[in-house]
There are 2 protein chains.
Amino acid sequence: MPTHPHSPAKESVVDLLGMLAYGELVAFDRQSIDARLAPDLRRRAQLSIMAAAEMRNYQRLVARITELGADPQEAMEPFVQVIDGFHDSTAPRNWLESLVKVYVGDGIADDFFREVATLLDPVDRDLALEVLHNDDHSEFAIAEIKAAIADNPAVTNRLALWARRLVGEALSQAQRVAAEHDSLTMLIVEGTGDLAKVGELIKRLMQAHSERMTTVGLNN
Amino acid sequence: MPTHPHSPAKESVVDLLGMLAYGELVAFDRQSIDARLAPDLRRRAQLSIMAAAEMRNYQRLVARITELGADPQEAMEPFVQVIDGFHDSTAPRNWLESLVKVYVGDGIADDFFREVATLLDPVDRDLALEVLHNDDHSEFAIAEIKAAIADNPAVTNRLALWARRLVGEALSQAQRVAAEHDSLTMLIVEGTGDLAKVGELIKRLMQAHSERMTTVGLNN
């Protein structure tokens, strides 16, 4: 008997947490490598600190997967290919691209966490809200991107194009996840109510993304 | 007027903290990359978690450098070449080599922190004792190395040789630091009392290292 009429199946929640946990592990991995692109030690350390924070979130997610009686490694395995695929196709070639990727990626990830939190039971809802990124991370990225554009407006088009490519790749990998993982798709569809609501969710994510682009002057 | 007959000069302390901070930043960088050598996601995450912990120590050290009125980046710069040099000459080629490096490196670093803490004023002494590694890190490395040796005793010689090379490179870079950074050398020499005591300090570090090698079965 479900504890709540809309209580998601444990299997779906483990799938979701497994996807998020592997996402954190790879975000750590890629950001720690991207930190080498920094122009100085202060900035390199800043991105390294942001990378390290992903591992604290990883640990929270894995602890919850274990608590639910599942094996974290098994929960993550199904998402390795798709998440690696996203990052392989979006490896930043310089410091600014790495910052735009962190800014775009963290922003969409946090919005997704907030949306998905409303579909979960209290414990997992709290967890989803705990693993949001600190504001000072996006503030650092915003300041760096704005300063770079102010310094050289010619980078704007290139970075705007890069941001669009990041979102395009993310959507394409998200579609792959939805097609391959029925239980995850059902969690979102049943949680939101119907397929039209899923469309609305994606629309909200894209709207918030667009506002973030305006914030840094990349919505041209 | 010094606050204490043996109170080290602020310049020496900033040098020391700068060296330690850059050491943490690079330990993070290298361990996060070495994590990719792990045979599975669980072990990869474990090394990533250990890497992330280095950034927390980095932040503590940098906060103290700032508190002392110095610029963290300037404090670190003089040690970039020598610390990068150590890591460039000791890049692990596989998972076991990366674990032996973490085990050997963390062990010697922690012993050095403990020794140097006794030479510092209370605030910096506490800091040096706070940035020690968690025991569960070395326990993980010990368990992995012992299991690998039990599984295939043929790796013992190769890993013992690797551990000796790590210590050899570390000593050679330490000599370079001592030769290039008078204020650091003076901190140790004045703090311990005389040059003979410095020799004793190094002897204690090597003795403790030798005991750690015995613990994992690499002291052949």
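Each chain gets a letter, A, B and so on, in the order its sequence line appears, and its residues count up from 1. What's counted below: heavy atoms across the whole structure, side chains too, no hydrogens, waters or symmetry copies.
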Need one label for [X]: side chain, backbone, both or neither, based on atoms under 4.5 Å from any heavy atom in chain A.
X: B/Val62; value: neither
X: B/Ala35; value: neither
X: B/Asp71; value: neither
X: B/Ile33; value: side chain

*Report the distance from atom OG of A/Ser48 to atom CD of B/Glu54, rounding to the nearest 0.5 Å.*
11.5 Å
*What is the distance from atom OG of B/Ser32 to atom CZ of A/Arg30, rounded to the nearest 0.5 Å?*
12.0 Å
*Test A/Arg56 against B/Ile49 for side-chain contact (heavy atoms from CB on, under 4.5 Å), laying out the working first.*
CA-CA 8 Å; A/Arg56 285 197 284 282; B/Ile49 289 166; over 6 Å; no
*Contact origin within A/Gln73 toward chain B - heavy atom pairs under 4.5 Å*: both
*Non-hydrogen atoms of chain B under 4.5 Å away: do they reach the side chain of A/Arg43, the backbone, both or neither?*
neither
*Locate the shortest heavy-atom distance separating A/Leu25 from B/Ala45; write the atom from each residue and the value.*
CD1-CA, 3.9 Å
*asked:* Can you give me the closest heavy-atom contact between A/Leu41 and B/Tyr22, atom names plus distance?
replied: CD2-CE1, 3.6 Å
*More than 12 heavy atoms of other groups within 6.0 Å of A/Gln81 CD*: no
_Counting neighbours of CD on B/Glu77 that are heavy atoms of other residues, nucleotides or ligands and sit closer than 6.0 Å, is the number greater than 12?_
yes
*Considering only heavy atoms and a distance below 4.5 Å, find which of B/Arg42, B/Glu24, B/Gln59, B/Met76 pairs most often with chain A.*
B/Gln59
